[in-house]
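Worksheet: the structure to be examined is printed underneath.
Values below: all heavy atoms of this structure, side chains included; hydrogens, waters and symmetry mates excluded.
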Protein chains: 2
Amino acid sequence: MPRIVVDVMPKPEILDPQGKAIVGALPRLGFTAFSGVRQGKRFELTVDGEVTEEILAQAREAAATLLSNPVIEDVVAVTVVADAE
Amino acid sequence: MPRIVVDVMPKPEILDPQGKAIVGALPRLGFTAFSGVRQGKRFELTVDGEVTEEILAQAREAAATLLSNPVIEDVVAVTVVADAE
């Protein structure tokens, strides 16, 4: 069944304590290549049947209202993924 | 600066209470097109300079060891994103 993937990230100007914690932990584990980390969310919405333009519009609205907090988060992508993946 | 995006999702056989809560809330808000929701995580790792094969390998290892819990989660993608996005 096709899925719609919604990616949500904290806004750039918002402090991200989880990301900061990861950025502190990485070098202690030997991962020295990264200068910053931000942690966000990824949602997979399963759709029965075909993803129509209307369903995609529903997903975009759900992403903006239920899946993200528009005060502190941005919806960075709403993408359709076929069954195969 | 280029970023490496790491997507982590709960394994299919693992119960996902957050996803279940969202699937219950969607129809109450008028979003009736979705039969299932899974909630995972999305990490953005910032890289200073070019993303070499070695840095990508570091990101893959960090994804498998620090960013995900291999008992309950799968790393579904490790992707390089250019500055433009």
Side-chain angles (χ1 to χ4, degrees), chain A residues 1-10 12 16 18-19 21-68 73-77 79 81 85, chain B residues 1-10 12 16 18-19 21-68 73-77 79 81 85:
Chain A
M1 277 177 298
R3 282 166 298 153
I4 298 175
V5 173
V6 176
D7 290 315
V8 174
M9 293 300 292
D16 172 12
Q18 288 175 302
I22 294 165
V23 123
L26 282 168
R28 292 199 296 274
L29 294 166
F31 305 115
T32 53
F34 312 109
S35 60
V37 178
R38 307 281 289 170
Q39 178 173 349
K41 297 178 208 159
R42 175 189 158 104
F43 301 92
E44 289 186 2
L45 313 178
T46 307
V47 177
D48 289 335
E50 211 188 330
V51 178
T52 60
E53 203 42 60
E54 192 208 328
I55 290 177
L56 200 54
Q58 267 200 29
R60 285 206 192 92
E61 206 191 320
T65 55
L66 178 68
L67 304 179
S68 71
E73 291 171 326
D74 286 325
V75 177
V76 294
T79 327
V81 177
E85 200 197 64
Chain B
M1 276 178 298
R3 281 166 298 152
I4 298 174
V5 173
V6 175
D7 290 315
V8 173
M9 293 300 291
D16 172 13
Q18 289 175 301
I22 294 165
V23 122
L26 281 169
R28 292 200 296 274
L29 294 166
F31 304 115
T32 53
F34 313 107
S35 60
V37 178
R38 308 280 289 170
Q39 178 173 347
K41 295 178 212 159
R42 175 190 158 103
F43 300 91
E44 289 186 2
L45 314 177
T46 307
V47 177
D48 289 334
E50 213 188 330
V51 178
T52 61
E53 205 39 64
E54 193 208 328
I55 289 178
L56 200 53
Q58 268 200 29
R60 285 206 192 90
E61 206 190 320
T65 55
L66 177 68
L67 303 180
S68 70
E73 292 170 327
D74 287 325
V75 176
V76 294
T79 326
V81 177
E85 199 196 67

* Which one of V8(A), V51(A), I22(A) has the most heavy-atom pairs closer than 4.5 Å to chain B? -> I22(A)
* Specify which of V23(A), T46(A), I4(A) makes the most heavy-atom pairs with chain B at under 4.5 Å. => T46(A)
* Which atoms of E61(A) approach chain B - backbone, side chain, both or neither, heavy atom under 4.5 Å -> both
* **All side chain to side chain contact (heavy atoms under 4.5 Å, CB included) counterparts of E50(A), not counting sequence neighbours** => none
* To do: Answer with side chain, backbone, both or neither: which region of I55(A) has an atom nearer than 4.5 Å to a non-hydrogen atom of chain B?
  => both
* Sequence neighbours excluded, which residues qualify as side chain to side chain donor-acceptor pair (under 3.5 Å) partners of E73(A)? -> K41(A)
* Asked: Can you name the nearest heavy-atom pair linking T32(B) to Q58(A), along with the distance?
  -> N-OE1, 3.2 Å
* For chain B, which of S35(A), A59(A), G49(A), A25(A) has the most heavy-atom pairs under 4.5 Å? -> S35(A)
* Under 4.5 Å from a heavy atom of chain B, the part of T65(A) involved -> side chain
* **Side chain, backbone, both or neither of L45(A) within contact of chain B (heavy atoms, under 4.5 Å)** => both
* Structure fact -> CZ (F43(A)) and CD (Q18(B)) are apart, to the nearest 0.5 Å, by 7.5 Å
